[in-house]
Amino acid sequence: MPDLNPAQFAAVTIIDGPVLVIAGAGSGKTRVIEYRVLHLVQNKISPESILLLTFTRRAAREMLERAGRHDSRCKNVEGGTFHSFAFKTLKRYGKIIGLSGAFTILDEGDAEEAIHRCCAKLGFFEKKERFPRKDTLRNVISISINKGISIGRVLEKEFPHFLQYTSDIENLREEYVKYKIDKNYLDYDDLLIYLRLLLENEEVRNRLSQKYQFIMVDEYQDTNKLQGDITCLLAERHRNVMVVGDDAQCIYGFRGASHENIMEFPKKFPECKIIKLEENYRSTQSILDLANSVLENVKNKYSKCLVSARKKTGEKPYLLFFKNAHDEAEWVASKIKELRDEGVFLSHQAVLFRSAYISIPLQAELSKRNIPYQVFGGLKFYETAHVKDVIAHLKVITNPRDELAWNRVLMLVEGIGLKTCERILEEIMVYANSDDVIAKVFQTYVAKRDRYAEGLAKLKDALKLGHNKDLNVGEQFEIVLKYYKPILQDKFDDWHLRLNDLETLRQIAMRYESLEQLLADFAIEPPEKGVWMVEPSVPEEEKPLTLSTIHSAKGLEWEVVFIIGLIDGVLPVSFALNDDDEIEEEHRLFYVGITRAKNNLFLSLYHEGIRGGINQFNKISRFVDVPNVLSKLEQKGAPDGKIKSVVTYKQAEKVAPTPIYDKKSLLRKVIEFFK
DNA sequence: CCGCGGAGTGTTTTT
DNA sequence: CACTCCGCGG
């Protein structure tokens, strides 16, 4: 066992019973999980009976890899995100609750398409007034599920202008559920819903409790109600459950996460032991001083006061002002290079930001200087149109009953529009296997010599070829790509860039044994752009720099961290400004960003902003522009040593009158009024 | 009935 | 500014 402080040691060596670990940033939480897994395995507990659930794919990967390094048996520990665990479990036991084993996962885009179809079925688009768009509808339904509140409540809070459609959306939700059950589709939320439903069955619950004797959940503060329920159901019988979290780092409220699960845990498991990890092993005291000041300013107090266990005070974090985004990017890029020349590996540095678009000027600058980097978060490569197009073809080859995939494939054929597509689709759905579809449906349509006959003939040939059982996944992929390439070139001006993506995708596909496996992984654990290119064998000094959204950086650490774009309206993001809870979440997000740094931290912003074609002066983030925070920072480059304050976003009233109603009672009042 | 072009809309974070 | 939706011409 390595050096562990008493609290860590206690957490690592508890074997039985429920445990709640409250772990401040950098307090060695990952180490605790890593060594607890090891400790369990070394105490004759079969690794297969340990279940480690995390919130993001990255965290899951990292945790298991670390534990596996000490004892290869740890690699057999069952681990992953709640969603991937749900997927595996439902594949296996789904039949019990009436799910077929051959379901398809819908990503957000697919789900929107499905909702669109349901809307059409219900005739919502024939209304005179504007009906909400499909992405809004999906969002409303998803929030209501993840937060466990009614459609009406969601609309009140997020889209009050659509309140009139409350009952329509309720009907839509039902229709959408029906549609998915009928077509064997599950969206991300369904994975959790049906897993919980499955666990409510006593027999299944017992069987799974039997299999997973030890449950561990990381980042518990970022789990939502459903995930909390799932955790409790899994552990209800044997009660061997350890949850680890930090309420100050809850940053997924928009997905229904709430620190309530942490608060509720001792109530659900009254016999639980609570262990607090408060000593910070990651950062220098200067960085922690800043972090603590930031936390002080968050309205809801969190008890954490991190103290560095490291001897070093370290350099004061910097706060840098730039004229425009380009200047900022230039400076950051050259500083990164400078640090690398001083011996800090690129892989030990990271640039963090609130939103992906903030990093675009920097990406350009890094490319110009040949600094290798990988980007996490933001625009997802697997959700781009060209990737989805190709995947749809693969889906059709795998499962000829996938209506949404067919829809996408057919709509790409020259001369086929909405109506023709519907007609062909109806016929396709009659048949259960691809051979029949090709022989019966396609044959007749091609024979008709309509304007789309040529396109369909090409598709038919490609599908026929692709369906050959003797081919490996790479070869199947190539057939699809060959068919799709002319469509790609016709559809996109930047097709050569997109073709690159598809080439990378082909290389990923080649590693798979079967298309089914590829498609399942793609839905549940999709590859992140740039990540797969880094082989594990590459020596540390050649690994690239990390660019990441703060959300995706959670749980990770670097020697040097840059947080760029600290602008009011970016962090906090402008959409959060009219809701106190959301501002607070942004505030915690800033805290999470700061606490990723071990030795050096650089905060920066630029003043020249162009938003919606209008030039404006970007103001420093309200989270930074506070005396107790500024005093912890070394400022550089402020014009005239002062920040000219041009109001871009209205600050919340400093002297608020005593409220007569709080939000809840106001809501009640309004509802009363309507009655 | 398809496909193109103009108007209008909302712009984040992740499974 | 990028994407979606709608209306019109072919």
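Here is the naming used below: chain letters follow the sequence lines, and residue numbers restart at 1 for every chain.
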Exercise for review: For A:F575 and B:dT12, say yes or no: do the ring centres fall under 5.5 Å of each other while the ring planes differ by less than 30°?
Suggested key: no
**Study point:** Rounded distance in Å - CD1 (A:I360) to P (C:dC1)
**Key:** 12 Å
Check your understanding: With a 4.0 Å cut-off on heavy atoms, is A:F82 in touch with a base, just the backbone sugar-phosphate, or nothing at all?
Key -> nothing
Review point. What nucleic acid atoms does A:A576 come within less than 4.0 Å of, heavy atoms only: base, sugar-phosphate, or nothing?
Key: nothing
Check your understanding: So, is A:S355 close to the B:dT11 phosphate, meaning a side-chain N or O under 4.0 Å from OP1 or OP2?
Key -> no
Check your understanding: Of A:H551 and A:H161, whose closest DNA chain B nucleotide lies nearer the 5' terminus?
Key -> A:H161
Practice item. May I ask you to decide if the ring planes of A:Y212 and A:F85 are parallel, tilted or perpendicular, using 30° and 60° as cut-offs? Key: perpendicular
Exercise for review: Assess whether side chain to side chain donor-acceptor pair (under 3.5 Å) is satisfied between A:R173 and A:S144, documenting all intermediate values.
Suggested key: CA-CA 10 Å; A:R173 179 171 58 179; A:S144 87; 3.2 Å; yes
Point to revise | Sub-4.0 Å heavy-atom contacts from residues 412-425 of chain A onto DNA chain B, ordered by number | key: A:E414, A:G415, A:I416, A:G417, A:L418, A:K419, A:T420
Exercise for review: Would you kindly give the CD-to-P distance between A:E582 and B:dT11, to the nearest whole Å?
Suggested key: 12 Å
Anything under 3.5 Å between a donor and an acceptor, one on a side chain of residues 413-424 of chain A, the other on a protein residue two or more places apart or in another chain? List them.
from   : atom 1 : to     : atom 2 : distance (Å)
A:E422 : OE2    : A:R117 : NH2    : 3.1
A:R423 : NH2    : A:Y452 : OH     : 3.2

Review point. B:dT14, B:dT13, B:dT12: which one has an atom nearest the side-chain heavy atoms of A:S552?
Key: B:dT14
Point to revise | Side-chain donor/acceptor of A:D222 to backbone N/O of A:I251, under 3.5 Å | key: yes
Check your understanding: Rounded to whole angstroms, how far apart are CG on A:L456 and P on B:dC2?
Key -> 12 Å
Check your understanding: Which residue lies toward the 5' end of DNA chain B, A:Y452 or A:E585, if each is placed at its nearest nucleotide?
Key -> A:Y452
Review point. Where the side chain of A:R451 is defined as all heavy atoms beyond and including C-beta, which of B:dT14, B:dC2, B:dT13 is the nearest nucleotide?
Key: B:dC2
Check your understanding: Between the main-chain N or O of A:T549 and the side-chain N or O of A:S552, is there a donor-acceptor pair closer than 3.5 Å?
Key -> no
Check your understanding: For the pair made of CD in A:E112 and C1' in C:dC5, what is the distance, rounded to whole Å?
Key -> 14 Å
Exercise for review: Quickly work out the A:E383 CD to B:dT13 P distance and round it to whole Å.
Suggested key: 11 Å
Review point. Which whole-number value in Å describes the distance from A:K491 NZ to B:dC4 P?
Key: 12 Å
**Study point:** side chain to side chain contact (heavy atoms under 4.5 Å, CB included) partners for A:R451, two or more places apart
**Key:** none
**Study point:** Between P of C:dT4 and CD1 of A:I115, the distance in whole Å
**Key:** 15 Å
Review point. Between the side-chain atoms of A:R133 and the base atoms of B:dT9, is any donor-acceptor pair under 3.5 Å?
Key: no
Point to revise | A:T384 side-chain N/O to A:H386 backbone N/O, donor-acceptor pair under 3.5 Å | key: no
Review point. Atom CG of A:D135 and atom C1' of B:dT11: how far apart are they, to the nearest Å?
Key: 11 Å
